[in-house]
S.K.: 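Supplied in structure tokens, the structure appears directly below.
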Amino acid sequence: MNRKQLLLLCALWMSIAFPVLAIDHPGITTNTLRSGAFTLLQDAKPTPILMDAADQKGINIAVTNLAEDFRRVSGTQAEVLSTPRTNRFILVGSLESKYIQQLVKNDKLDVKMLQGKNEQYLITCVKQPFEDVEEALVIVGSDRRGTIYGTYELSEQIGVSPWYWWADVPVVKQQNLAIERGNYTAGEPAVKYRGLFFNDEAPCLTNWVKQAFGTNYGGHEFYAKCFELIRV
């Protein structure tokens, strides 16, 4: 096998294997709505997302991306709420979120498994989390990045690969989606620090960045795509 064939094989493996390996809990979402699962999408209408407006900025960015991922799947962007004004929603927050703290205080949510952990998340359903609220799918992290990784796990569960932009991985359109009720976590990461190294930054990457984004070294739009991909 010559060098050119090897490079092509590596590129093909990355484009196929990475989208498959990124997801933590395969098989827990379905396009059949039923009583044993929490509805994420019904008739192309996403379930709203609630977050504490005072929670950390990085979590706000992840929630915004999740709302947009719902649009990619259904054609309609999920509504982001700052107050629990619907009877069902997805709640995203860190342990410092006022909504998460309220659930813990009222013995609605057990976060012992997250305390003292690094970048760990928990996805679970909570019945009657607040007054006049029927149910919430709660995504909570031991810290900021834990919450962010849990949020992106839900993006993958609804069918949006981390490689949707970099490798043009298609998003399958859905009218209905639900997630099995349960407690889902991936534990702490195997490595403390994670990042990306773009080989052959110049001239290949720098020329592409200038063509795609109009800057010599990449502005915030370019780096937003890089940091979003680190969720892999």
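Here, residue 1 is the first one in the sequence, and each next residue gets the next number. Source: prediction; values computed, not measured.
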S.K.: Please list, chain by chain and in numerical order, all residues satisfying side chain to side chain donor-acceptor pair (under 3.5 Å) with E180, sequence neighbours excluded.
M.R.: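 Applying side chain to side chain donor-acceptor pair (under 3.5 Å) to E180 gives R34.
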
S.K.: I'd like to check the side chain to side chain contact (heavy atoms under 4.5 Å, CB included) partners of A62; sequence neighbours left out, ordered by chain and number.
M.R.: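 A62 satisfies side chain to side chain contact (heavy atoms under 4.5 Å, CB included) with I148, T151, Y152 once adjacent residues are dropped.
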
S.K.: Kindly state each residue pair satisfying side chain to side chain donor-acceptor pair (under 3.5 Å) with at least one member in residues 39-57, sequence neighbours excluded.
M.R.: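 Qualifying pairs: D55-S94.
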
S.K.: Do any side-chain atoms of residues 66-73 form donor-acceptor pairs under 3.5 angstrom with protein atoms, and if so which ones, sequence neighbours left out?
M.R.:
unit_1: E68; atom_1: OE1; unit_2: R71; atom_2: NE; d: 3.3
unit_1: E68; atom_1: OE2; unit_2: R71; atom_2: NE; d: 2.5
unit_1: E68; atom_1: OE2; unit_2: R71; atom_2: NH2; d: 2.6
unit_1: D69; atom_1: OD1; unit_2: R72; atom_2: NH1; d: 2.5
unit_1: D69; atom_1: OD2; unit_2: S155; atom_2: OG; d: 2.6
unit_1: R72; atom_1: NH2; unit_2: Y164; atom_2: OH; d: 3.3

S.K.: Among pairs that include at least one residue of residues 138-148, which meet side chain to side chain donor-acceptor pair (under 3.5 Å), considering only residues two or more places apart or in two chains?
M.R.: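 Sorted result for residues 138-148: E119-R145.
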
S.K.: Taking transitive links into account, so neighbours of neighbours count too, which hydrophobic residues share a cluster with V172 at under 4.5 Å side-chain distance?
M.R.: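 Reading the cluster by chain and number, V172 sits alone, since nothing else belongs.
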
S.K.: Tell me, please, which residues at least two apart from W166 pass side chain to side chain contact (heavy atoms under 4.5 Å, CB included).
M.R.: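 Testing W166 for side chain to side chain contact (heavy atoms under 4.5 Å, CB included), a comparison that skips the adjacent residues, returns W163, F198, W208, F222, K225, C226, L229.
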
S.K.: Once side chain to side chain contact (heavy atoms under 4.5 Å, CB included) is applied, do any residues pair with K127, and if so which ones, sequence neighbours excluded?
M.R.: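 E135, R181.
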
S.K.: Got a sec, which pairs hit ring pair (Phe, Tyr, Trp, His ring centres under 6.0 Å) with one end in residues 23-45, sequence neighbours left out?
M.R.: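 Qualifying pairs: H25-Y184.
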
S.K.: Going by side chain to side chain contact (heavy atoms under 4.5 Å, CB included), name the residues that satisfy it together with T215, two or more places apart in sequence or in a different chain.
M.R.: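 In terms of side chain to side chain contact (heavy atoms under 4.5 Å, CB included), with neighbours along the sequence ignored, T215 is linked to V209, F213.
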
S.K.: Please give the remaining members of the hydrophobic cluster of L50, linking ILVMFWY side chains under 4.5 Å, ordered by chain and number.
M.R.: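 Under the 4.5 Å side-chain rule, L50 groups with L81, F89, L91, L95, Y99, I100, L103, V104, L109, V111, M113, L114, L122, V126, F130, V133, V138, V140.
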
S.K.: Which residues pass the side chain to side chain donor-acceptor pair (under 3.5 Å) test with E79, not counting sequence neighbours?
M.R.: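 R85.
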
S.K.: Consider only side-chain heavy atoms of I, L, V, M, F, W and Y, link residues closer than 4.5 Å, and tell whether V169 and F227 are in one cluster.
M.R.: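 In one cluster: yes.
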
